[in-house]
Chemist: 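Could you have a look at this structure, given as structure tokens, before my questions?
All residue numbers refer to positions in the sequence shown, counting from 1.
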Amino acid sequence: MVTIEQLIEKILSYNPKANIERIRRAYVFSREAHCAQKRVEGSPYIHHPLSVAFILAEMHLDSATIAAGLLHDTIEDTDMSLNDIKDMFGSEIVFLVEAVTKLSKVEFKTKEDAQAENFRKMFLAMSKDVRVILIKFADRLHNMRTIGFLSEERQEKIANETLEIYAPLANRLGINWLKIEFEDLCFKVLMPELFKELQGKVAKYIEVHEKYFEEVKESIYTRLLASGIEAKIKSRIKNIYSIYNKILKQKITFEQIYDVIGFRIITDTIPHCYEILSIIHSLWPHIPGRFKDFISLPKSNMYESLHTTVVGPSGYQMEFQIRTHEMDLIAEEGIAAHWRYKEKDMLDSKNARYVAWLRDLIKEISDAKEFLEAVKGEVIPETVYVFTPKGDIKELPVGSTSIDYAYSIHTEVGNKCIGAKVNGRIVPLRQKLNSGDVIEIITSASQTPSKDWLKYVVTQRAKSKIKQWIRNEERKQSISLGTSLIEEEIRRHSLPLSIIKSKKMAEVLKSFGIQSLEDLYVLVGFGKLSAHQVVNRLMPEKHEEEITPKPIKPTSSQRSIIKIKGIDNVLYHIGKCCFPVPGDDVIGFITKGKGVTIHRLGCANLERLALNSERLVDVEWIEDGDATAPVKLSIEAMDKPGILANLSALISAANINITYVRANSTSDKRAIIDLILDIKNKKQLFNIQNKIAQMQGILNIRR
């Protein structure tokens, strides 16, 4: 357990001028606030904020951040108030504590999360002062390190959230060690057996190759010494989750991974980096296409290094990363490195590049749920570097097209894009870009975005802008259609068009719970409300029954949708083995005491039932547009947060009722979802199956 004295000793080891008196006051305040609380495992609660503060000290952060780390849970979990903290510690620390408290209340589950707007607001706070997320990172890291005391369900929820949100954000902010620890801790929770298996293989690999790697280091040191270059060589072991991902994506075995262990060479100057690269290439042949210069073209998180892969002794492939001491610090600590030793100092313009992407997203995407998806989508580490015709560099995710590039320039450039020249040659808009390409966008005033573009753009900015344009156009079209339908219905009933602007229309809008006339047109245009329903309420009450008498409809359970030849008023039920729907070829089987069971021709059970052919009867469907029959669908999907919610939303949008749901996860991260739906006919079933099959993450669907 961390003590306050150990924390202070750690802070003074890197910052002798730190405000230790403030740290002690924050500790006493937190200890008193949490005095009655205990952690799940039974330890005093103060151990958690102390551990969070120590993690922040290990990141060499300023005393205000560490004090906020000690206080981060006092507002949410105790009787202390923000005013209490402000009176004792000032506005800087109270801002950090309040922002972390609000961020802690956000549950990152799916893009349908009801708290998505809070997510957006808190990331706005983070973009103002990145220390907010650094404190939250430390809080989450300690919780992940002690997650074993929670229930399995809670462990899985927190691990999924950490893997989906926090690990990618740590990577985007350049904090490599944190990203690695998050990933491996989550992997250990979510797939413990596979984690243990891969961990064992890595340990054995290191043991077998230890002598080989020492010989490689010795060869390099000898050449560096002869060249008068000072450098340090470290082994870099690939983390377990990265190994798992590589096996999964490339469909290879552990034994086929060449970079389980790589080498990191750290030197003093940039010229020496390139000299060392030359020495390595002179010692062993390099693999074409495996060299990357992130010094000339740094990553968006300011990562700089030279990467090369060579064929070493005995034919083993070896990866080298070559960088200066400063580059190594940035590569491991990212934005946290720029807060070292700083007291009361905000992020400068250079380091603000780390969160510039986040500020841009906040400005560009107003929809909270879409923003949540954007944050997830914008943390892709693999990038391509392309050039504008003027020679400016643009960084885009791997797989980006000219349309992605066009939207990165300006929304209107994207909307009006009709073609592109890549390296002086006209190419299809869907063609993927490569590093080094020079792109020139061709626009036309008459061009508009196409839904098809969504199939091959990859940047969230492009997706968001295309969807926004489509939504606006669909709204315009629905307003026009809705206006026409309502006006036509008004004329049909010989009412004056001026009634649209009357007090009666205002009452109608209120009765439907609609805010404006435009919203009414949209609903009618989209078919969610009929013009007849609207005008019916505009009619004088004395005529209402004469014009539109309300039919009394029997419930679906009162209707018969099957006719049994030669027999009337016989009880029947739909076979649960095959779930036939109107439009299927069917046959009936007389079940003693239960009436007739309806089966599809081709049902597996019919072969057995055919032995009692005298109990088979001919049946046929009765047309009834409102009646439904149950159908069972079995769906295989990627097991990821939100898949069931998205599936339910899709089915509900098609006006189909779900009467049964069961979902299970498999050990290989697949979800098996069984549904029973109320279906009107075969056509409706075919349409919903097609829509489900096109959903992202759906692997297979069968009836």
Side-chain angles (χ1 to χ4, degrees), residues 13-15 58-62 130 134 170-181 213 216-239 242 259 261-284 286-287 290-310 312 318-342 345 347-356 381-383 385 393 395 435:
S13 70
Y14 67 86
N15 189 4
E58 287 181 316
M59 296 165 75
H60 291 195
L61 296 181
D62 62 299
V130 79
L134 296 180
N171 179 63
R172 194 62 168 77
L173 295 174
I175 313 174
N176 187 56
W177 70 269
L178 184 61
K179 170 236 180 195
I180 286 173
E181 187 165 357
F213 291 126
V216 168
K217 285 183 185 179
E218 191 60 40
S219 298
I220 298 171
Y221 272 127
T222 301
R223 290 293 299 272
L224 292 178
L225 186 62
S227 301
I229 299 173
E230 289 188 9
K232 181 167 63 175
I233 305 174
K234 298 191 295 186
S235 297
R236 176 199 57 79
I237 301 171
K238 200 173 188 71
N239 68 304
S242 292
D259 60 345
I261 294 184
F263 297 96
R264 187 168 294 153
I265 304 178
I266 303 164
T267 188
D268 51 356
T269 67
I270 291 176
H272 279 165
C273 289
Y274 287 97
E275 285 185 53
I276 293 169
L277 175 69
S278 179
I279 288 171
I280 290 171
H281 284 178
S282 69
L283 284 169
W284 302 287
H286 70 278
I287 298 175
R290 297 308 305 273
F291 168 66
K292 294 178 182 176
D293 186 347
F294 293 117
I295 294 178
S296 297
L297 292 172
K299 292 185 178 183
S300 57
N301 60 10
M302 296 177 69
Y303 174 90
E304 295 178 282
S305 189
L306 297 175
H307 290 195
T308 189
T309 302
V310 301
M318 302 181 296
E319 185 183 66
F320 288 89
Q321 298 173 353
I322 308 161
R323 61 181 68 146
T324 65
H325 294 286
E326 183 182 2
M327 290 173 191
D328 191 54
L329 178 64
I330 300 298
E332 290 302 305
E333 302 289 341
I335 199 167
H338 298 275
W339 282 97
R340 286 170 173 254
Y341 318 114
K342 293 187 180 182
D345 189 12
L347 211 58
D348 58 35
S349 59
K350 178 185 175 185
N351 298 327
R353 286 175 54 195
Y354 275 108
V355 289
E382 296 85 3
T383 54
Y385 300 90
I393 296 173
E395 181 182 354
S435 286

Chemist: What distance do Gln321 atom CD and Thr309 atom OG1 have between them, rounded to the nearest 0.5 Å?
Modeler: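 Interatomic distance, Gln321 CD to Thr309 OG1, rounded to 0.5 Å: 9.5 Å.
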Chemist: Evaluate the ring planes of Phe263 and Phe320, with Trp represented by its six-membered ring, and classify them as parallel (under 30°), tilted (30 to 60°) or perpendicular (over 60°).
Modeler: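 Answer is parallel, since the angle falls under 30°.
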Chemist: What are the two closest heavy atoms between Tyr274 and Ser296, and how far apart are they?
Modeler: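 Tyr274 and Ser296 have their closest heavy atoms at OH-OG, 3.4 Å.
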Chemist: Search all heavy atoms of Glu304 against all heavy atoms of Ile295 and return the closest pair with its distance.
Modeler: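 In terms of heavy atoms, the two residues are closest at OE2-O, 3.8 Å.
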Chemist: Asn176 versus Tyr303: any side-chain heavy-atom pair under 4.5 Å?
Modeler: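 No; the side chains remain at least 4.5 Å from each other.
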Chemist: If every non-hydrogen atom of Ile175 is compared with every non-hydrogen atom of Glu333, which pair is closest and at what distance?
Modeler: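 Shortest heavy-atom contact: CG1-O, 3.2 Å.
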Chemist: Provide the closest heavy-atom pair for Trp177 versus Met59 in the form atom of the first, atom of the second, distance.
Modeler: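 Here Trp177 and Met59 meet closest at CZ2-CG, 3.7 Å.
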Chemist: Can you name the closest pair of heavy atoms from His307 and Ser305 and give their distance?
Modeler: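 Reported closest heavy-atom pair: CD2-OG, 3.7 Å.
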Chemist: Which residue is it: Leu306, Ile322, Val216? I am looking for the one with a side chain to side chain contact (heavy atoms under 4.5 Å, CB included) to Ile280.
Modeler: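 With Ile280 as partner, side chain to side chain contact (heavy atoms under 4.5 Å, CB included) holds for just one option, Ile322.
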Chemist: Between atom NE2 of His325 and atom OG1 of Thr269, what is the distance when rounded to the nearest 0.5 Å?
Modeler: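 Here the interatomic distance stands at 9.5 Å.
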Chemist: To the nearest 0.5 Å, tell me how far Ile266 CD1 sits from Asp328 CG.
Modeler: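 Output value for this atom pair is 3.5 Å.
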Chemist: Under a 4.5 Å cut-off applied to non-hydrogen side-chain atoms, are Asp293 and Leu297 in contact?
Modeler: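 When only atoms from C-beta onward are counted, Leu297 and Asp293 do not touch, as no gap falls below 4.5 Å.
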Chemist: Would a distance-only check, ignoring hydrogens and angles, find a side-chain to backbone donor-acceptor pair under 3.5 Å from Tyr14 to Leu61?
Modeler: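 Checked: pair present.
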Chemist: What's the spacing between Glu275 CD and Leu277 CG if we round to 0.5 Å?
Modeler: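 Between Glu275 CD and Leu277 CG, I get 11.0 Å after rounding to 0.5 Å.
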Chemist: Apply side chain to side chain contact (heavy atoms under 4.5 Å, CB included) to His286 and list each qualifying residue two or more places apart in sequence or on a separate chain.
Modeler: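 Here the qualifying residues are His281, Thr308, Val310.
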Chemist: Hey, what do you get for CG (Asn239) to CD (Glu181), rounding to the nearest 0.5 Å?
Modeler: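 It is 11.0 Å, given to the nearest 0.5 Å.
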Chemist: Quick one, Ile229 and Ile279 - any side-chain contact, counting heavy atoms below 4.5 Å?
Modeler: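 Yes, side chains in contact.
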Chemist: Between Ile330 and Met327, is there a side-chain heavy-atom distance shorter than 4.5 Å?
Modeler: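 A side-chain contact is absent here, since even the closest heavy-atom pair is not under 4.5 Å.
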Chemist: Donor-acceptor pairs under 3.5 angstrom involving side-chain atoms of residues 230-238: please list them, not counting sequence neighbours.
Modeler:
{"residue": "Ser235", "atom": "OG", "partner": "Lys217", "partner atom": "NZ", "Å": "3.2"}
{"residue": "Arg236", "atom": "NH2", "partner": "Glu319", "partner atom": "OE1", "Å": "3.0"}
{"residue": "Lys238", "atom": "NZ", "partner": "Asp259", "partner atom": "OD2", "Å": "3.3"}

Chemist: Quick one: closest heavy-atom pair of Leu283 and Ser219, and the distance?
Modeler: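 Residues Leu283 and Ser219, closest heavy atoms: CD1-O, 4.4 Å.
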